[in-house]
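Notes follow the structure.
For clarity, every value in this text was computed on a predicted model and none was experimentally measured.
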Amino acid sequence: MIALRRVLRPAHRWVGLSVGLVIMWMAITGACLVFRKQLEVPLDRDLLSVPTCTQRVPLATLIANAAQAYPKGKLDYIRLIAGDEGAAQMPAAMIRFTDQMFVYLNPCTGEVLGRRDRYLGLFGTLEKLHRFRFLPHASLLPGGSAIVFGTVLLIGGLVLWWPGS
């Protein structure tokens with residue numbers, strides 16, 4: 001039992017420190033992403049907002065213009081957000097394609113404002129870092145590592161806590 005404790009103590013410590021770094025990484029990037037809704041439009045106003053209007057073009061026109069701007073994409077969804085009443089600016093129409101490319105359009109005129117990959121720009125990069133999208137098989141990393149590290153910490157902590165006699 002004493003030999004097991006000698007092996008488990010440093011393993012428990014280093015696994016705990018490693019997990020702590022990953023948790024801190026996710027907490028910092030997540031805390032920055034909390035402010036995405038408030039800061040993204042002021043930081044990228046030309047792409048994400050347009051002057052307010054009363055008449056909007058039909059959805060078919062928006063879809064056709066987005067498909068022309070990004071012909072290789074397959075439509076995933078369209079996001080239209082009503083602006084605040086009396087505001088000078090309103091949100092741009094956003095069309096997402098299945099490969100995570102977004103095309104932004106003026107819902108009043110149908111004009112293409114630009115396009116951007118989901119994981120580009122300041123907040124897109126933060127989201128990419130937060131979700132570990134820079135690694136292959138990123139979707140398996142958080143859950144799989146949590147299970148492995150949690151198991152090692154739980155078992156190691158119980159063995160170290162259990163009385164030695």
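In the hydrophobic cluster analysis, where Ile, Leu, Val, Met, Phe, Trp and Tyr join through side-chain heavy atoms closer than 4.5 angstrom, L33 is grouped together with L122. L62 and I81 are assigned to two separate hydrophobic clusters, defined by single-linkage of ILVMFWY side chains at heavy-atom distances under 4.5 Å. Linking Ile, Leu, Val, Met, Phe, Trp and Tyr whenever their side-chain heavy atoms come within less than 4.5 Å leaves F123 and Y119 in two separate clusters. In the hydrophobic clustering of this structure, L135 groups with L129; members are Ile, Leu, Val, Met, Phe, Trp, Tyr whose side-chain heavy atoms approach within less than 4.5 Å, directly or through other members. Linking Ile, Leu, Val, Met, Phe, Trp and Tyr whenever their side-chain heavy atoms come within less than 4.5 Å leaves L48 and L80 in two separate clusters.
If you take CD on Q100 and CZ on R96, they are separated by 4.0 Å, rounding to the nearest 0.5 Å. Atom CD1 in I155 sits 6.0 Å away from atom OG1 in T151 (nearest 0.5 Å). Interatomic distance, F97 CZ to D76 CG, rounded to the nearest 0.5 Å: 9.5 Å. Within the model, atoms CD of E111 and CG of L105 stand 9.0 Å from one another, a figure rounded to the nearest 0.5 Å. Of the inter-residue distances, the one linking H130 atom NE2 with I28 atom CD1 reads 12.0 Å to the nearest 0.5 angstrom. The CG atom of L47 sits 8.5 Å away from the CD atom of E40 when rounded to the nearest 0.5 Å.
The number of heavy-atom neighbours closer than 6.0 Å to CD of Q38, taken from other residues, nucleotides and ligands shown, is above 12. Open room surrounds CZ on R79; 12 or fewer heavy atoms of other groups in view lie less than 6.0 Å from it. Within 6.0 Å of CG in D84 there are 12 or fewer heavy atoms belonging to other residues, nucleotides or ligands.
In this structure the side chain of Y104 never reaches within 4.5 angstrom of the side chain of R115, judged on heavy atoms. Counting heavy atoms from C-beta outward, I95 and F102 have side chains that stay 4.5 Å or more apart. Contact of the V50 side chain with the P107 side chain is registered, since non-hydrogen atoms from C-beta on lie closer than 4.5 Å. Inter-residue side-chain proximity for V22 and F132 is flagged as met; some heavy-atom pair is nearer than 4.5 Å. Using a 4.5 Å cut-off on side-chain heavy atoms (C-beta onward), T125 and L120 make no contact.
Closest heavy-atom contact between A92 and L113: CB-CD1, 3.7 Å. Of all heavy-atom pairs spanning L126 and C32, the tightest one is CD1-CB, 3.6 Å. Closest approach of F35 to A31, counting heavy atoms only: CD1-O, 3.4 Å.
A salt bridge links R118 and E127; the closest N-O separation between the charged side-chain nitrogens and carboxylate oxygens is under 4.0 Å.
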Would R116 and D44 count as a side chain to side chain contact (heavy atoms under 4.5 Å, CB included) here? Give the steps. CA-CA 11 Å; R116 181 171 63 192; D44 209 355; 2.6 Å; yes
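A distance-only check finds no donor-acceptor pair linking the side chain of T61 to the backbone of G110 [under 3.5 Å]. Without hydrogens or angle criteria, D117 side chain to M101 main chain gives no donor-acceptor distance under 3.5 Å. Between the side chain of T29 and the backbone N or O of W25, at least one donor-acceptor pair lies under 3.5 Å.
The closest side-chain donor-acceptor pair between Y70 and D99 falls under 3.5 angstrom.
M90 pairs with exactly one of C53, S49, P51 by the side chain to side chain contact (heavy atoms under 4.5 Å, CB included) rule, that one being C53.
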